[in-house]
Chemist: 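Sending over a structure as structure tokens; questions will come in a sec.
Not measured: the values here are computed from a predicted model.
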Amino acid sequence: MTMNVRRSLGHRFNGAAPEYNIALVGALGVGKSALTVKYITKRFIMEYDPDLEGKYTKHEDWDNVELVVHLMDTCDKEDSDPLRYLKWADAFVIVYSITSRPSFETAREYVENISHYLKRHARDCPVALVGNKIDLERYRQVSKAEGTALSVELDCLFYETTAAEEYDHVARIFTRLITDVHADKYGVPLQPLFIAEDRPTPRDPLHVRQRPKSPKGTSSDKKDEKNPQKKNFSKLFKIFN
């Protein structure tokens, strides 16, 4: 980060650290909690209570500038109000499991509805579609090409990753979102923070930043990865009706 950017940051925040709100959404069991914990602690934990929702905070040292990152690990249910994260978040991570096609279809619906909300409220937030659990390649049901195609169709970032392996694979997703949010929210560019060799790889593509488009229409009811009965996601997004 250049000296003039540091001075701009200091002047803008009067000594307070800039803050970023990132919401993780997706079907149950896709690994939202595992990705959250991996980013915050660099640890991988296999089992979580799928019915728990929580907010977590991480303090980042970004080239000698302190940043505060707030994460919301969401759990949507039939009576949930999506406004709790739609209003709160500066960026969205929409997660599906490459081992679950129903979770991929649910992710499509999340992207469409979030895009619709942003358009209606004249907001512009980074959205990342994330295919998780690439360590379980032998059980893959959703191809990388399908994830890439959906991200192009809906005009958002795309990554494939796993919380079970290298920390860098997960960290670069949040690093990219923080960089994008900062430019929009504070009007001061952040020097890119390279975790390792931050280049596109066959397992973790780094796409040029895109913005979410208006939704192409709502999807039909989808199945949850852990709960095979049909779940009416239109109820979760009743604000769009």
Chemist: How far apart are the closest heavy atoms of V25 and K32, and which atoms are they?
Modeler: C-CD, 3.4 Å

Chemist: Check the pair Y159, N132 against side chain to side chain donor-acceptor pair (under 3.5 Å), reporting the backbone distance first and the verdict last.
Modeler: CA-CA 8 Å; Y159 295 88; N132 193 29; over 6 Å; no

Chemist: Pair R84, D76 - check salt bridge (charged side-chain N to carboxylate O under 4.0 Å, His left out), show working.
Modeler: CA-CA 10 Å; R84 71 190 186 283; D76 271 325; 2.9 Å; yes

Chemist: V130 and L136: same hydrophobic cluster, using ILVMFWY side-chain contacts below 4.5 Å?
Modeler: no

Chemist: On a heavy-atom basis, which atom in E66 and which in A17 lie closest, and how many Å separate them?
Modeler: O-CB, 3.3 Å

Chemist: Knowing that exactly one of H59, E60, E19 qualifies, which makes a side-chain contact (heavy atoms from CB on, under 4.5 Å) with V69?
Modeler: E60

Chemist: Is it the case that the side chains of D73 and T36 hold a donor-acceptor pair, with the cut-off being a distance below 3.5 Å and no angle test?
Modeler: no

Chemist: Distance check, rounded to the nearest 0.5 Å: F104 atom CZ versus T99 atom OG1?
Modeler: 13.0 Å

Chemist: Between D180 and Y20, does any side-chain donor sit less than 3.5 Å from a side-chain acceptor?
Modeler: no

Chemist: By side-chain contact (heavy atoms from CB on, under 4.5 Å), which residues pair with N21, not counting sequence neighbours?
Modeler: H70, W88, D90

Chemist: May I ask you to check if K38 and Y167 form a cation-pi contact, with NZ or CZ under 6.0 angstrom from the six-membered ring centre and within 45° of the axis?
Modeler: no

Chemist: Rounded at 0.5 Å granularity, tell me how far OG in S97 sits from CD in Q141.
Modeler: 8.0 Å

Chemist: Looking only at heavy atoms, which two atoms of G131 and F158 are closest? And how far apart?
Modeler: N-CE1, 4.4 Å

Chemist: With sequence neighbours left out, write down each residue that passes side-chain contact (heavy atoms from CB on, under 4.5 Å) with A91, or none if nothing qualifies.
Modeler: I22, P126, L177, V181

Chemist: Using the rule that two of Ile, Leu, Val, Met, Phe, Trp, Tyr join whenever any of their side-chain heavy atoms come within less than 4.5 Å, decide whether I40 and V170 are in one cluster.
Modeler: yes

Chemist: Thinking salt bridges, do R140 and E160 make one under a 4.0 Å N-O criterion?
Modeler: yes

Chemist: If we count only N and O atoms by modelled type, under 3.5 Å, do the side chains of S143 and E146 hold a donor and an acceptor together?
Modeler: yes

Chemist: Identify the heavy atoms of Y96 and A107 that sit nearest to each other, and give their distance.
Modeler: CB-CB, 3.9 Å

Chemist: Quick one: pull up CG in L154 and OH in Y110 and give me the separation to the nearest 0.5 Å.
Modeler: 15.0 Å

Chemist: Give the minimum heavy-atom separation between L129 and C156, together with the two atoms involved.
Modeler: CB-SG, 3.9 Å

